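Note that the coordinates shown come from a computational prediction; the quantities given were computed from them, not determined experimentally.
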Number of protein chains: 2
Amino acid sequence: MRADAQRNYDRIVEVARQVFRERGYDASLDDIAKLAGVGPGTLYRHFPKRENLLDAVMQSWVDKVTETTDKALTHEGSDRDLLLNWFQEYVGLISQHKGGPAKITSAMGDPDSPIMTKCQVLASANGRVIERLREDGALRDGVETIQVCRLVGGIATVADQSDLDASAVRPMLEVVADGLLR
Amino acid sequence: MRADAQRNYDRIVEVARQVFRERGYDASLDDIAKLAGVGPGTLYRHFPKRENLLDAVMQSWVDKVTETTDKALTHEGSDRDLLLNWFQEYVGLISQHKGGPAKITSAMGDPDSPIMTKCQVLASANGRVIERLREDGALRDGVETIQVCRLVGGIATVADQSDLDASAVRPMLEVVADGLLR
DNA sequence: AACAATACGGAGACTGTCTCCGTTTAGCAA
DNA sequence: TTGCTAAACGGAGACAGTCTCCGTATTGTT
C-alpha cells in the first residue's frame, strides 16, 4: 500500500472508532470521511461495505477479548460467581457502541459477515469459560456454547435497545446462569 | 372522519400489514403509499411516524395476544411445560414480521413509543402466566415479569436476526425456564 | 525528470423520508 | 340542486444518506 493510502486508511479507522462510539453504528459514513479529511470515494474504496470499516475498527477489540477472558478465568469464588462475572464482562465487551450487541451476536452465525472472524474470537473465548465449567461438572447436560453466546447476546441486545443499566441486566444474567448450572 | 379519509386509512393499514410481513419493518413508506393508491402526503398525515402506522397494523394482533394467553393458561401438564409452551407462543406472537421482536421488546419500556400501549397488553398477558406460576409456588424468589419479557424478547430478537428456527430456539427457552423455576 | 501505477475526492445518481401547499372532494345547508 | 366550506388529497421537491464514476493529483521507480 502506498504511503498516502496507508495514512488515509489509518485516519479513517481512528475517526470511525470515535464516531461509532459516540453516535452508534448507524453514523453517516460521508460524515466520517469528512471528519477524516478525505472524500467519500476514498472511504468507500478502502471499505466497500459499512461492515468492512467496523471490522477494521474492531482489530484492537479482539486483543481486549482474550485479555478479559484470561482474567475472568482466574476469578476466585464459586462456579456461579465465575460464570456471572464472565457474563458481565461479555456484555461489556459487546456493548462498546450502540447497536454492537445485535451486530456481533447475529454475525456469529453469518458466514457472509466481514466481522464473522472477529466474532468467533469472542465465541471461542466464551467456549473456554464454558469448557472450564463443564470440566468441573458444574453444567447441566446439553449446554452448547453458541447457545450461551446467543442468550447473553440477547440480553445485551435488549439492554442496549432499552437503555438498561447494569442493575437491570444483572438479574437477567442470573436467570440464565441458574438455568445453565446444575 | 370523512368517508374518503376513512377509506384511505383502511387501505393504507391493510397494505402496510401485508408489506411489513413480506419485507419487514423497514419497508419504504412511500412504496406502501403507492401500493395503497394514495400520495405520500396522505400516508404521513394519517401516520406522522412510522410507528404510528405499525400501531394501527397491530390492532388485530392485540386480540390474538389475549386469546393465545387464555389458551396457554389452560395447558395441561407440569409447570415447566406450561411455561415453555407459553414462551414459544410468546416468541411466535412477537415474531410476526422481521424486526418485530426488537421493536416490541424495546417499546415496552419506552413511554414515548406509539406502540407502547400495545406492548403492555403483551406484558400483562405475560404477567398473568407468571402470577399463575407464582401462586403455585413454582417460581424462584425475585422474579419480575418485565425481566421475563426481556429475556424471552432477547431470545426472539437474536433468533429473528440470525434466522434461527424453532429447534434452535427451544433449548434457549429451556435455559431461561429452568433459571426461573424452583 | 519523466512516467506508469496508484490513490484521491467531489460531483452526482439513486433511494428513502417527510413537508408544503395548490387542488379536489365530501357533506351540509339553503 | 346548487353553492359553500372545512377536510382531505397528492405530488413536487427539500433533505439526508449511500455509493460510484472518472478526471485529477500524488507516489515512487527508472
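In the hydrophobic cluster analysis, where Ile, Leu, Val, Met, Phe, Trp and Tyr join through side-chain heavy atoms closer than 4.5 angstrom, Val62(A) is grouped together with Met108(A).
Across all strands shown, Asp4(B) has heavy atoms under 4.0 Å from sugar-phosphate atoms exclusively, and none from any base. Within 4.0 Å of Pro40(A), counting heavy atoms only, lies at least one base atom of the nucleic acid.
When the side-chain nitrogen and oxygen atoms of His46(A) are compared with OP1 and OP2 of dA7(C), none of them lie within a distance under 4.0 Å. One finds no side-chain N or O of Asn8(B) lying less than 4.0 angstrom from the OP1 or OP2 phosphate oxygen of dA8(D). At least one side-chain nitrogen or oxygen of Thr42(A) sits closer than 4.0 Å to the OP1 or OP2 atom of dG9(C). Checking the phosphate oxygens (OP1, OP2) of dT20(D), no side-chain nitrogen or oxygen of Tyr44(A) falls inside 4.0 Å. Distances shown here put every side-chain N or O of Arg45(B) at or beyond 4.0 Å from the OP1 or OP2 atom of dA8(D). Listed pair Ser28(A) / dA16(D) fails the phosphate criterion, with no side-chain N or O lying under 4.0 Å from OP1 or OP2.
Where Asp31(B) and Ala3(B) meet DNA chain C, the nucleotide closest to each residue was compared, and Asp31(B) sits on the side nearer the 5' end. Judged by closest nucleotide on DNA chain C, Ala27(B) is the one of Met1(B) and Ala27(B) placed further toward the 5' end.
Side-chain to base pairing of Arg2(B) with dT25(C): one donor and one acceptor N or O lie within less than 3.5 Å of each other.
The separation between Arg50(B) atom CZ and dC18(C) atom C1' is 12 Å, rounded to whole Å. Rounding to whole angstrom units, NZ of residue Lys49(A) and P of dT20(D) are separated by 10 Å. As rounded to whole Å, 12 Å separates atom C1' of dT20(D) from atom CG of Asp30(A). Atom-to-atom, CG of Asp26(A) to C1' of dT18(D) comes out at 13 Å; the value is rounded to the nearest Å. Taking atom CD1 of residue Ile32(A) and atom P of nucleotide dA16(D), one finds them 17 Å apart after rounding to whole Å. Atom CZ of Phe47(B) and atom P of dT17(C) are 15 Å apart (whole Å). We find that CG of Asn52(A) is positioned 14 Å from C1' of dT18(D), with the value rounded to whole Å. Rounded to whole Å, atom P of dG10(D) lies 17 Å from atom OH of Tyr9(B).
Asp165(B) and Ser167(B) are linked by a side-chain donor-acceptor pair at a separation below 3.5 angstrom, with hydrogens and angles left out of the test.
Ring geometry for Tyr9(B) versus His46(B): interplanar angle over 60°, hence perpendicular rather than tilted (30 to 60°).
Listed candidates were dA7(C), dG28(D), dA8(D). Nearest to the side chain of Ala5(B) is dA8(D).
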After noting the C-alpha distance and the side-chain angles of Leu29(B) and Tyr44(B), does the key distance pass the side chain to side chain contact (heavy atoms under 4.5 Å, CB included) rule?
CA-CA 9 Å; Leu29(B) 296 187; Tyr44(B) 283 96; 3.5 Å; yes
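Atom CH2 of residue Trp61(A) and atom CD of residue Gln96(A) lie 8.5 Å apart, to the nearest 0.5 angstrom.
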